[in-house]
Amino acid sequence: MFDILPLLSEAPTSGFVGLAPWLVFFPVIGLLLNIIIGKRVGEKGIGLIASTAAGATFVVSVLLAITASGLHEGAAVYTLVDWINIGELDISWAFRVDTLSTTMMLVVSLVGTLIHIYAVGYMHYDVQYKETTPEERLKNYQRFFIYMNLFIAAMMILVSGDSYLMLFVGWEGVGLCSYLLIGFWFTKNPDGTTGVENSLAGKKAFVANRVGDFGFLIAMFLTFWAFGSLQFDQVFANAEGVSQGVIVAIALFMLLGVTGKSAQIPLYVWLPDAMAGPTPVSALIHAATMVTAGVYLVARSAPLFSAAHNAQTAVMYVGAATALFAATIAVGQYDIKKVLAYSTISQLGFMVAAVGMGAYVAGVFHLVTHAFFKALLFLSSGSVIIALERAHHPLPEDSEGHADAHESGHAEHGEEEHHGEHFDPQDMRNMGGLRKQIPVTFWVYLIGALALSGIPPLAGFFSKDEILADALHEAQGVYWLLTAAAFLTAFYMGRQIWLVFFGEARTHAAEEAKESPLMMTGPLMVLALLSLLGGFINFPGIHTFTHWLEGTLGHEFAHATEFNPTVAIVSTLLALGAIGISWLLYGRKPLQAGQKDPLQKGLGFLFTGMNHKWYVDEIYEAVFIGPYKWLANFLAHVVDWRFWHDWFHDSVIARGFRGLVRFLANPIDIGLIDGISRSLANTIQSLGNGLSFLQSGYVRNYALSLFLGVVVILGYLIFFT
């Protein structure tokens, strides 16, 4: 039974800790308000409620960060309810406030709020391209922001929980939200066709994450078995008293969970398909929320991973291999969002490799900066996509209010679809020259691309080079893998910039593209500023962020990485060289409409492999999914239908039942039971017939019988008494 504690009636134990539950309450209140009154307040009201709820969460995060800054070390815990108390298992629904959790709170709430504000403008257009009636548009607009607020609430549970079980609740919550948002347009695609592919993308994400979640569950079971608790402090305090083998097993099962949630080899395959969701969803999932959960889990579990060196090695090499592998695939993509999706997988590989080698500060630092510039890039790509869509398929507001323009746009759109010439606003080959049409988007996109490429003094330079410096010191093999990935990162981002913004427009839509409204470009400018300045939070020599995390991780796990000029110079030169190569291929002679990709000419089958994602999906289909489908089909049709239904049910059960029924009906019922009934009836009938002579109906006979009876009685009395 829940023992609900007062939220604000008692003074918090430290600072603003008593406000911690509002991290979850505010987004939940926002989604409930939109459920109740969303249809009455319209688009502006829905967006205002959802964005205000996210913004209020950011305010609470700031206040909690202030509280964490005054703790110096350790954590403040606020218990909301006594949650589970069964035998030795005693878990409270408690919020943990320390420097690591508040870092995640700030990143999630700040970037999440900016994405909410951006989505107000983006979804205004997106719903109009998917739905034809105002009622359906408003309904889906409302549904979108309900899911977005739920996503923020789930992520806040994940990062603020004081136990692995509470973390797991949030872990599953973001998994559910990703399923709902990736398959958001499950009824329609951008071209108006069926949204089956979107639904399959959501299902793919859900299933892949369930595999990872199995690992996390087993890790929790082992943790409780070994430590008798799931509360962080109790587990970490007793880590030295548990056998090395058990801790390694716990860490490896956690790694399986990380590969699912943070999209690492072998479970990364769901993340590129997550592009099926609206672009704000891509930014929310890829930048600040769901995919960072695995990195946070390892950083939070630093005492366990540091005690399991074999597991650390596995984490480190999984991350490094993922970073390079995903970067090669990004090189060969044409979809503007798919390039960024594989880039996210690659950058997550950097973070996972960092926390795997024990560089927890570097990993979390890159998590923070990556949230800024990757959210910027995804949202900017959405601005590009909407600009092309508005030009190709004008809405009334884009055509000076003439309704017939909207109708003609529908007609044109439909005609292209009919002839199989669907225009894809996400294909970079349909772009070109957009720096002139959408200059604000171009400049912020350029800042994000340079930050991701590691060009100084942008945020990505400081965080990525800190990881490379740690790798050079800890494991040179990992260093070279990550260095190669960094080189490819700069190349594919340069390729993207040249294809999208330079040269001549390759389609009519690119020629007529218009800049997005301030509701969309405003958050982009804020994220661009954060991408410019975010790296200074852990500036070499000052290490502000390192000292901040020392309050949670301690000096043992929050070591400061000294600036390595050699690493910085090499990585910068490689990045500039990669951008220079991309200019030689795509900038010096911009790609023309219908022209073959110059990289395809030079690399041949290698480019084909990269473009087809090294056929990993096909391999998974052949090795896992295909046999699974065959087995499911065999069990359904052969075992269940033919054997169980047709033979066992119809032959064994049905025929046996009918035979038993016939046996019970004929020998038993008719022969025995009916025979006994007939014999009784005949006996009674014969007895009745035999006694019927006594009932003649004549009074004289009855008088004679009475007289004879009296004589018999008198005789008995005279002679025998």
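Atoms considered below: every heavy atom in the structure, side chains included; atoms not considered: hydrogens, waters and symmetry mates.
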### Query
Does CH2 in Trp443 sit with more than 12 non-hydrogen atoms of other residues, nucleotides or ligands closer than 6.0 Å?
no
### Query
Under a 4.5 Å cut-off applied to non-hydrogen side-chain atoms, are Ser383 and Glu515 in contact?
yes
### Query
Side chains of His392 and His508: does their closest heavy-atom pair fall under 4.5 Å?
no
### Query
According to the interplanar angle, ranging from 0 to 90°, do the rings of Phe184 and Tyr147 count as parallel (below 30°), tilted (30 to 60°) or perpendicular (above 60°)?
perpendicular
### Task
Indicate the ring-plane relationship of Phe545 and Phe365, choosing parallel, tilted or perpendicular according to the 30° and 60° boundaries.
tilted
### Message
For the aromatic rings, using the six-membered ring if either is Trp, is the centroid distance between Phe539 and Phe536 under 6.0 Å?
### Response
yes
### Task
Determine whether Val258 and Val315 make a side-chain contact, defined as any pair of heavy atoms from C-beta on separated by less than 4.5 Å.
no
### Lys/Arg N to Asp/Glu carboxylate O, Lys601 vs Asp597, below 4.0 Å
no
### Query
Could Lys337 and Asp335 be called an ion pair, given the rule that one side-chain N must be under 4.0 Å from one carboxylate O?
no
#### Entry: Face-on cation placement of Arg495 at Tyr334 ring, 6.0 Å and 45° thresholds
yes
### Task
Just jot down the ring-ring contact (aromatic ring centres under 6.0 Å, His included) partners of Tyr118, sequence neighbours excluded, or say none.
Tyr122
### Task
Flag yes if more than 12 heavy atoms outside Phe461 fall under 6.0 Å of its CZ atom; otherwise flag no.
yes
### Task
Please work out which of the three classes, parallel, tilted or perpendicular, describes the rings of Phe442 and Phe502, given edges at 30° and 60°.
perpendicular
### Task
Report yes if the side chains of Trp498 and Leu585 come closer than 4.5 Å at any heavy-atom pair, otherwise no.
no
### Task
With sequence neighbours left out, write down each residue that passes ring-ring contact (aromatic ring centres under 6.0 Å, His included) with Phe624, or none if nothing qualifies.
Tyr620
### Task
Spell out, as yes or no, whether a donor-acceptor pair under 3.5 Å connects the side chain of Ser262 to the backbone of Gly294.
yes
### Task
For residues Met155 and Tyr296, determine if any side-chain heavy atom of one lies less than 4.5 Å from a side-chain heavy atom of the other.
no
### Message
To the nearest 0.5 Å, what is the distance between CG on Leu532 and CG on Leu450?
### Response
9.5 Å
### Message
Taking Lys204 first and then Asp617, would you say they form a salt bridge - that is, a charged N and a carboxylate O separated by under 4.0 Å?
### Response
yes
#### Entry: Taking every non-hydrogen atom, the tightest pair across Ala509 and Leu388
CB-O, 3.7 Å
### Query
At what distance, to the nearest 0.5 angstrom, does CD of Glu389 lie from CG of Asp424?
9.5 Å
### Query
Do the non-hydrogen side-chain atoms of Phe373 and Leu458 ever get within less than 4.5 Å of each other?
no
### Task
Validate the cation-pi geometry between Lys203 and Tyr179: distance from NZ or CZ to the six-membered ring centre under 6.0 Å, angle to the ring axis within 45°.
no
### Message
Can you confirm whether more than 12 heavy atoms, excluding those of Glu621, are under 6.0 Å from its CD atom?
### Response
yes
### Query
Heavy-atom distance under 4.5 Å between the side chains of Leu180 and Phe186, does that happen here?
no
#### Entry: Any side-chain heavy-atom pair of Val616 and Val269 under 4.5 Å
yes
#### Entry: Distance (rounded to the nearest 0.5 Å) between Met493 CE and Leu446 CG
9.5 Å
### Query
What pairs meet the salt bridge (Lys or Arg N to Asp or Glu O under 4.0 Å) rule with one or both residues in residues 568-593, with sequence neighbours excluded?
none
